[in-house]
Amino acid sequence: GHHRYETALNYRNIMMERIENPTGREAFNYVMMYFSNMDDEGMTVLPTHRILHGLKDFDCERFLKECRRYFDVDELRFESANEPEVRRGFFRRLEELGSDRTTIGLFIRGRESYFILSLKDRAIMDRVFGDTIPPVFKGLDVTVLHSLIIERILGITSEAQMRQENIIYVKGKDNALGEGKNETNQLTFILNPPSIGEIKAVAEAGHVMPQKSTYFYPKLLSGLVINTVDETETVEPLCV
């Protein structure tokens with residue numbers, strides 16, 4: 001996981017500053033990794049969905065009007081009696097449309113509808129953001145959501161997003177919609193997973209995937225292997 005890798009780098013940098021004449025062969029220069037062939041069968045990437053809360057002066061109709069500038073918006077209305085059936089159709093339609101263009105699911109608390117937002121034109125991201133976003137990111141659903149919808153339409157800055165001031169991350173479509181109905185939450189965005197090809201393209205371009213954009217499955221069993229820490233590795237007690 002990238003959190004473990006980044007922590008290992010920070011630990012290595014700290015230790016390098018504390019040791020005189022490091023050789024580069026100290027144990028803290030190494031970290032265990034697991035590699036898997038991304039083309040193997042069984043490799044699954046699951047999405048992480050977004051719930052927004054704490055939006056001041058949120059106007060549902062104005063928000064949908066702004067979305068229609070960039071997206072084709074389909075509304076699937078439901079009643080309590082047929083909600084499960086409409087929900088299944090919503091998920092199915094989201095996957096179908098997402099096979100060839102950026103498509104994002106939306107639930108607005110208080111509305112008995114599910115919405116499907118399909119980007120009208122791939123060139124929209126170029127026209128809106130120009131060179132401020134690397135080309136390899138512009139086709140990612142998660143980038144369209146965060147840059148075009150959350151930041152540009154809703155006005156939540158990228159810094160506020162990084163601090164997760166208004167955002168909750170939830171795994172599982174049904175879990176996300178369930179939490180989205182809580183009275184403290186306002187908007188629930190359901191994402192399709194990124195493809196292996198998209199992830200590979202980002203890596204080959206020298207970038208890392210956006211925050212909370214991939215959830216690889218299956219996970220390695222916890223405790224399968226253990227990286228021991230040599231007693232001579234630390235020069236003094238250290239908290240990371």
Side-chain angles (χ1 to χ4, degrees), residues 1-50 125-126 129-148 150-151 156-172 191 193-240:
H2 69 94
H3 292 122
R4 295 177 180 87
Y5 178 61
E6 290 168 2
T7 299
L9 288 178
N10 291 334
Y11 177 67
R12 187 274 313 272
N13 294 339
I14 291 172
M15 293 303 296
M16 288 289 283
E17 294 177 354
R18 295 187 174 206
I19 291 183
E20 295 183 4
N21 303 317
T23 66
R25 300 290 297 176
E26 294 83 6
F28 55 74
N29 286 288
Y30 302 89
V31 63
M32 290 195 305
M33 294 184 180
Y34 171 82
F35 291 89
S36 177
N37 189 334
M38 64 171 55
D39 296 318
D40 281 350
E41 292 185 9
M43 173 66 75
T44 302
V45 183
L46 303 176
T48 300
H49 311 292
R50 275 71 168 156
M125 293 296 285
D126 288 324
F129 297 102
D131 296 331
T132 60
I133 296 177
V136 72
F137 285 134
K138 291 178 181 177
L140 298 177
D141 294 4
V142 68
T143 301
V144 174
L145 171 60
H146 280 265
S147 299
L148 189 56
I150 297 179
E151 183 169 0
I156 301 175
T157 66
S158 57
E159 292 77 16
Q161 293 179 47
M162 289 294 293
R163 294 192 297 269
Q164 300 184 25
E165 293 180 359
N166 302 92
I167 302 178
I168 300 171
Y169 295 95
V170 181
K171 294 179 176 64
L191 291 171
S195 68
I196 292 292
E198 288 174 326
I199 297 171
K200 184 177 181 180
V202 169
E204 289 179 340
H207 301 288
V208 296
M209 290 290 288
Q211 183 182 26
K212 302 290 186 181
S213 58
T214 57
Y215 177 70
F216 291 95
Y217 184 86
K219 297 290 188 183
L220 287 175
L221 294 175
S222 178
L224 182 64
V225 291
I226 298 174
N227 187 17
T228 59
V229 177
D230 190 282
E231 62 181 8
T232 64
E233 179 177 339
T234 58
V235 295
E236 59 183 78
L238 175 65
C239 294
V240 178

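Just so you know, these numbers come straight off a predicted model, no measurement behind them. Scope of the values below: all heavy atoms of this structure, side chains included, with no hydrogens, waters or symmetry mates.
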| request: Just do the side chain to side chain contact (heavy atoms under 4.5 Å, CB included) check on Ile199 and Val45 with the steps written out, would you? | output: CA-CA 10 Å; Ile199 297 171; Val45 183; 3.9 Å; yes
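- At least one side-chain heavy atom of Ile150 sits under 4.5 Å from a side-chain heavy atom of Leu145.
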Can you give the donor-acceptor pairs under 3.5 Å from side chains of residues 201-216 to other protein atoms, not counting sequence neighbours?
{"unit_1": "Ser213", "atom_1": "OG", "unit_2": "Pro210", "atom_2": "O", "d": "2.7"}

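- Here the CD1-CG distance, from Ile14 to Leu9, works out to 11.0 Å after rounding to the nearest 0.5 Å.
- Residues that satisfy the side chain to side chain contact (heavy atoms under 4.5 Å, CB included) test with Met16, not counting sequence neighbours, are Arg12, Pro22, Phe28, Asn29.
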Name the atoms and distances for all side-chain donor-acceptor pairs under 3.5 Å in residues 131-139, with sequence neighbours left out.
{"unit_1": "Thr132", "atom_1": "OG1", "unit_2": "Phe129", "atom_2": "O", "d": "2.5"}
{"unit_1": "Lys138", "atom_1": "NZ", "unit_2": "Asp126", "atom_2": "OD1", "d": "2.8"}
{"unit_1": "Lys138", "atom_1": "NZ", "unit_2": "Gly130", "atom_2": "O", "d": "2.4"}

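- For the residue pair Pro47 and His49, the shortest heavy atom distance occurs at CG-CE1, 3.6 Å.
- In terms of the salt bridge (charged side-chain N to carboxylate O under 4.0 Å, His left out) criterion, Arg25 has no residue partners (sequence neighbours excluded).
- For Glu151, the salt bridge (charged side-chain N to carboxylate O under 4.0 Å, His left out) criterion is met by no residue, not counting sequence neighbours.
- For His146, the side-chain hydrogen bond (donor to acceptor under 3.5 Å, both in side chains) criterion is met by Arg50, Gln161, not counting sequence neighbours.
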| request: Give the C-alpha distance, both sets of side-chain angles, the deciding distance and a yes or no for side chain to side chain contact (heavy atoms under 4.5 Å, CB included) between Val142 and Val144. | output: CA-CA 5 Å; Val142 68; Val144 174; over 6 Å; no
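- Put simply, CE on Met32 and CZ on Arg4 are 10.5 Å apart, with the number rounded to the nearest 0.5 Å.
- Expressed to the nearest 0.5 Å, how far CG of Asn10 lies from CE of Met15 amounts to 13.5 Å.
- Side-chain atoms of Glu159 do not come within 3.5 Å of backbone N or O of Thr157 as any donor-acceptor pair.
- Under the side chain to side chain contact (heavy atoms under 4.5 Å, CB included) criterion, Glu20 pairs with no residue, sequence neighbours left out.
- Partners of Asn13 according to the side chain to side chain contact (heavy atoms under 4.5 Å, CB included) rule, which considers only residues two or more places apart in sequence or in another chain, do not exist here.
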